[in-house]
*Asks:* 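This structure is in structure tokens; I'll ask about it shortly.
Atoms within a ligand are numbered from 1 in the order they appear, just like the ligands themselves.
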Amino acid sequence: MKSKNSKGIKSAITAVSGYVPSDVLSNSDLEKMVDTNDEWIFSRTGIKERRIARNPLEPTSFLAIQAANKLLKKQKTDPLSIDLIILATATPDMPVVATAAYIASEIGAHNAFGFDLQAACSGFLYGMSTAAAYIESGRYKKVLLIGADKMSSIVDYTDRATCIIFGDGAGAVLFEPSENEFGYEDSYLRTDGSGRDSLTIKSGGSLYPYNESTFAEGGHNIKQDGQTVFKNAVKNMADAAEQVLIQNDLSGDDIAYLLPHQANKRIIDATARRINLSEDRVLMNIEKYGNTTAATLPLLISDFESKFSKGDKLIFAAFGGGFTWGAVYLTWNYDYKN
Ligand code: UT7
């Protein structure tokens with residue numbers, strides 16, 4: 001395990017919370033919308049249902065604010081003490097202006113600065129290393145990292161290749177200086193831009209600004225070449241998880257839990273096999289939420305928080321559009337308190 005840095009500061013997650021909308025979109029609901037069926041979806045992905053924020057007045061910021069406020073209340077944290085808000089998202093409220101700034105104002109974090117981090121499904125993973133680095137710099141004491149996505153706002157519900165996997169949700173964690181020897185340990189992060197056309201919203205950026213034909217072609221919706229993404233995800237997520245273990249002289253036996261991005265159960269199983277982890281040490285909630293993009297990892301931490309003990313070695317792994325991927329090694333910082 002790595003010791004504290006040269007400033008004597010180690011960062012740690014000290015609180016977590018999650019939020020999902022109450023409306024359920026089940027596989028049987030999707031059967032009525034596209035040519036698919038529950039058996040196909042569940043056997044190919046592990047998903048049974050997902051949550052959808054149907055109210056158009058509940059954008060990504062709404063989901064993020066619910067998670068953030070829950071965390072502040074649970075941790076009895078004054079929002080004025082927050083130094084920085086990082087929002088990992090692929091679905092900001094608006095293409096220009098950081099949604100994090102609006103979230104900061106709405107939760108009363110008036111002393112904070114904030115920015116959005118776009119790395120698709122790896123956004124929260126990259127955000128963990130970013131939040132940790134700000135704390136380790138010694139200049140910031142409380143960094144609120146939120147992963148939130150309203151995927152239903154960019155999904156084409158006539159496209160069965162994408163609409164079956166995505167859902168909406170948000171999760172938040174607080175990074176602070178660790179008061180013991182546990183916390184953020186190490187990461188292995190990578191990108192490969194040659195994969196950017198395989199999972200993308202093509203229009204609305206500087207390369208293909210919106211016009212009538214981009215709308216007619218559906219360029220404002222997310223499109224994926226599922227098989228290409230799948231193959232790259234299986235290889236790279238497993239490689240990253242293995243690599244972060246090697247970097248830290250660890251084997252699968254040392255790991256309490258793997259917290260993998262929830263895109264497809266088959267990708268998760270391949271990653272777990274590579275690092276020799278039995279099923280009981282692989283955390284999953286894909287069955288009930290689907291792929292919530294930047295929200296999958298904080299929702300996992302939130303759902304399984306009560307299982308973690310101080311000192312547990314956790315491995316996080318993700319793969320997403322870009323391509324972006326990686327793994328983070330963290331030792332859990334506290335015992336569960338109700
Ligand atoms: O978060 C990171 C980003 N996303 C991912 O990691 C997703 C990665 N990709 C995947 O998870 C999978 O590729 C999918 C779940 C999207 C698709 O599963 P697949 O096993 O790769 O299916 P496929 O695209 O190879 O299609 C197999 C068959 C095809 O039919 P034929 O040509 O064999 O007759 C498809 O037309 O399944 C058909 N198919 C469907 N059938 C029922 C494709 N989508 C559906 C569907 N329902 N929704």
Side-chain angles (χ1 to χ4, degrees), residues 25-50 88-91 117-127 147-152 154-169 171 189-193 195-202 221-241 259-272 284-287 289-300 316-327:
L25 181 68
S26 67
N27 289 351
S28 56
D29 294 330
L30 283 168
E31 286 177 8
K32 295 172 201 128
M33 298 159 72
V34 286
D35 180 13
T36 191
N37 58 75
D38 174 55
E39 198 278 327
W40 191 96
I41 300 173
F42 188 62
S43 63
R44 299 277 181 140
T45 68
I47 302 168
K48 277 274 177 203
E49 58 187 42
R50 24 355 258 120
T89 189
T91 53
L117 191 160
Q118 210 308 30
C121 295
S122 307
F124 187 84
L125 192 85
Y126 285 13
D149 271 300
K150 180 167 177 166
M151 296 306 289
S152 62
I154 57 169
V155 164
D156 172 0
Y157 283 99
T158 66
D159 173 10
R160 70 177 183 173
T162 55
C163 73
I164 54 143
I165 67 170
F166 291 110
D168 302 340
L189 306 173
R190 290 293 185 273
T191 50
D192 176 5
R196 73 173 178 172
D197 291 329
S198 300
L199 176 56
T200 187
I201 295 180
K202 200 169 170 187
N221 288 317
I222 189 164
K223 292 258 174 358
Q224 71 169 343
D225 169 359
Q227 283 190 8
T228 301
V229 178
F230 184 87
K231 278 183 207 142
N232 281 275
V234 164
K235 178 181 184 322
N236 290 312
M237 217 165 102
D239 281 355
L259 290 87
H261 173 53
Q262 309 283 296
N264 187 316
K265 184 173 182 300
R266 290 183 291 147
I267 301 172
I268 296 169
D269 291 344
T271 304
M284 274 188 256
N285 53 16
I286 188 169
E287 188 169 331
Y289 303 145
N291 179 356
T292 55
T293 302
T296 60
L297 296 184
L299 280 172
L300 270 184
F316 297 78
F319 181 89
F323 294 134
T324 55
W325 71 94

*Asks:* Looking only at heavy atoms, is any part of Thr36 under 4.0 Å from ligand 1, and if so is it the side chain, the backbone, or both, or is it neither?
*Replies:* both
*Asks:* Any heavy-atom pair between the side chains of Met237 and Trp325 that's under 4.5 Å?
*Replies:* no
*Asks:* Would you check the N or O atoms of Thr45, main chain and side chain alike, for any that come under 3.5 Å of an N or O of ligand 1?
*Replies:* no
*Asks:* Does only the side chain of Phe230 get under 4.0 Å from ligand 1, or the backbone, or both, or neither? Count heavy atoms.
*Replies:* both
*Asks:* For atom 25 (O) of ligand 1, is some protein heavy-atom partner under 4.0 Å away?
*Replies:* yes
*Asks:* Please classify the Ile41 to ligand 1 contact at 4.0 Å (heavy-atom distances, strictly less than): side chain, backbone, both or neither.
*Replies:* neither
*Asks:* For Ser152 and Asp168, test the side chains for any donor-to-acceptor distance below 3.5 angstrom and give the result as yes or no.
*Replies:* yes
*Asks:* Polar-atom distance check: Ile165 versus ligand 1, any N or O pair below 3.5 Å?
*Replies:* no
*Asks:* Between Asp149 (side chain) and Thr91 (backbone), is there a donor-acceptor pair under 3.5 Å?
*Replies:* yes
*Asks:* Is Ala120 touching ligand 1 with its side chain, its backbone, both, or neither, if touching means heavy atoms under 4.0 Å apart?
*Replies:* neither
*Asks:* Tell me which one of Gly226, Gly321, Gly322 gets a heavy atom nearest to atom 8 (C) of ligand 1.
*Replies:* Gly226
*Asks:* For ligand 1, is there an N or O atom under 3.5 Å from any N or O atom of Asn37?
*Replies:* no
*Asks:* Run the numbers on Ile164 and Ile47 for side-chain contact (heavy atoms from CB on, under 4.5 Å), then give the verdict.
*Replies:* CA-CA 8 Å; Ile164 54 143; Ile47 302 168; over 6 Å; no
*Asks:* Taking the non-hydrogen atoms of Asp35, is any one of them nearer than 4.0 angstrom to ligand 1?
*Replies:* yes
*Asks:* Would you mind checking if Lys223 and Asp159 are paired as a salt bridge, meaning a charged N to carboxylate O distance below 4.0 Å?
*Replies:* no
*Asks:* At a 4.0 Å threshold, what atoms of ligand 1 neighbour a non-hydrogen atom of Cys121?
*Replies:* 1 (O), 2 (C)
